[in-house]
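Encoded as structure tokens, the structure appears first; notes follow it.
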Amino acid sequence: MGFPELPVPGSAGVRRRRLLAGLAGAVGLAASAGAAAWVGGAFDPRLVTPDGPLVARTEAARRRAGASTVTAWLHPRPVTHDLGGPTVATWGYADSGPGPLIRARAGDLLRVEVANDLPMSTSVHWHGVALRNDMDGVPGLTQRPIPAGGRHTYEFTVPDPGAYFYHPHSGVQLDRALYGVLLVDDPHEAGDHDQEWVVVLDDWVDGTGRTPEDVLAALRSMGGMDHGGMGGMPGPSSGGMAPMTSPLLGGAGDVAHPYHLVNGRVPGAPVTLAGRPGQRARIRLVNAASDTAYRVALGGHRLTVTHTDGFPVVPATTDALLLGMGERADLLITLGDGAFPLFAAAEGKTGQGLAMVRTGAGDPPDGTVRAAELDRRLLTTGTLRAAPQVALTDRRPDRVHRVVLGGGMMPYRWTINGATFDHADPLLVSRGERVRLEFVNTTTMFHPMHVHGHTFGVAGGGARKDTVIVPPGRTVAVDLDADNPGQWMTHCHNAYHAETGMMVNLAYRA
Ligand code: C2O
Ligand code: CU
């Protein structure tokens, strides 16, 4: 999800020369913006600079007198994770499971020190947070990469309450254990629950004989679907050569991840979420997978969805919820008496993640039997309505960008408006505009489209979100207020799609 080759300020000129060749006027502006550079780099003066005065002023306006400073420490490093049976050598922020939970209150200043002990450069992106652009964590666009052995400090105000997450924006590092949850509490929220559980879903391949980089190389060289194992042969638990498709999503993924994890555990050794009968539990659900949407249900219960991507919705009750990569949802549940399976079925794939909810005695449920709720009423976040207090004002878009999603498996290459990221014209916007993005999916797969630094509204009063599923052959329009100047990645949250081109810069004019 980063730049395969990271330009450095001196050499960025090579790319700029190529991009500028044969261009004139507004077209030149558009194309050169793709090479927008960070601190100290050559930068097009017609665009907002990530570390320039406008971004600093926007941040200053977010600061609140008396706000606390929350400090945290991240140490990306090689680790060995016990997944609850299989043990894997990987890279992570912690000795097991997701990285440390970082928790602040809306308006706080967050200061995170990163010490990179990976054998390669990395970065940390704060997914969903409307933060200052130079802290967004995109090497080559908003900062220099953090080199192996290097340190970097991120410091920014967290303006909006909600459930967010953090991960590298470097290659396909997200497909390792490099992810963690950032919760921003609302000082004014009543907190209508007795238990709070953070539940992180992930598809897993690293350390099972292949790294995510191996998977990427195989997809690039062979084209077509990855079925695990070598030479396209079925892997041990890959579901064989069955196509990974779903009636809802069409092509549901490219990679047969051998495992699906909940909080870093395989279904054979699930985490237990403990409560008491009759209590209200709030689940902060995060899909940190690279290539898998999950259908989530709790046996014997209904789920009430109260938030998605941090922002409140008109509460909706369902049996199951579909969550794409990069999406989050808050669920409210009234707990029954006993032990219940929390299922995360890999949509269109073989396999599932599992956690146990326990409030009383009783045998642990059979985690291999598909919960009936999964096949009852299914909600997708795209159909949720924004809660009135966060709904966008009624306003005609000042600018409409069509964002055509293209590409495919042969060759393995994914595009926006016909181009891979390094050739893509930025989506230019001006401060103060209401901007509509029309995601037009011309492919046979779904793409969870994510916009950095903003929370859009799904057009027509839909939920406020930062990541939305665009099903194959469909168009999803979203509206945002251009109120956070900078250079912002807009991309598919399938790590393999983003890395092979499905990314574009949403670029503010100076
Ligand atoms: Cu989780 Cu560029 O995003
Ligand atoms: Cu995609």
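Keep in mind that this is a model prediction, so the values were computed, not measured. All ligand and atom numbering here is 1-based and tracks the order in the structure. Index from 1, following the sequence.
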request  = State whether His450 contributes an N/O/S atom found under 2.8 Å from atom 2 (Cu) of ligand 1.
outcome  =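 Within the cut-off used here (under 2.8 Å), His450 places no N, O or S atom near atom 2 (Cu) of ligand 1.
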
query = Near atom 1 (Cu) of ligand 1, is there an N/O/S atom from His493 that is less than 2.8 Å away?
reply =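 So His493 does bind atom 1 (Cu) of ligand 1 by this criterion.
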
request  = Using 2.8 Å as a strict upper limit, say whether an N, O or S atom of His452 approaches atom 1 (Cu) of ligand 1 that closely.
outcome  =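 No, since none of the N, O or S atoms of His452 sits under 2.8 Å from atom 1 (Cu) of ligand 1.
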
ask   = Shortest non-hydrogen contact from Met445 to Ala252?
value =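 The answer is CE-C, 4.3 Å.
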
key: Closest His127 atom to atom 1 (Cu) of ligand 1 [N, O or S only]   =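 Relative to atom 1 (Cu) of ligand 1, the closest nitrogen, oxygen or sulfur of His127 carries the name ND1.
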
request  = Answer yes or no: are there more than 12 heavy-atom neighbours, outside Arg402 itself, under 6.0 Å from its atom CZ?
outcome  =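 Atom CZ in Arg402 is not packed in, count stays at 12 or less.
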
request  = May I have the angle between His497 ND1 and His447 ND1 with its vertex at the Cu ion (ligand 2), rounded to 10°?
outcome  =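 It comes to 100°.
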
ask   = What is the ring orientation for His493 with His450, classed by angle as parallel under 30°, tilted 30 to 60°, or perpendicular over 60°?
value =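 Perpendicular.
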
request  = Look only at the side chain of Asp136 and the backbone of Asn133, and say whether a donor-acceptor pair between them is shorter than 3.5 Å.
outcome  =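 Side chain of Asp136 to backbone of Asn133: no pair is present.
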
key: Stepwise ring pair (Phe, Tyr, Trp, His ring centres under 6.0 Å) check, His167 with Phe165   = CA-CA 7 Å; His167 61 76; Phe165 80 124; 5.1 Å; yes

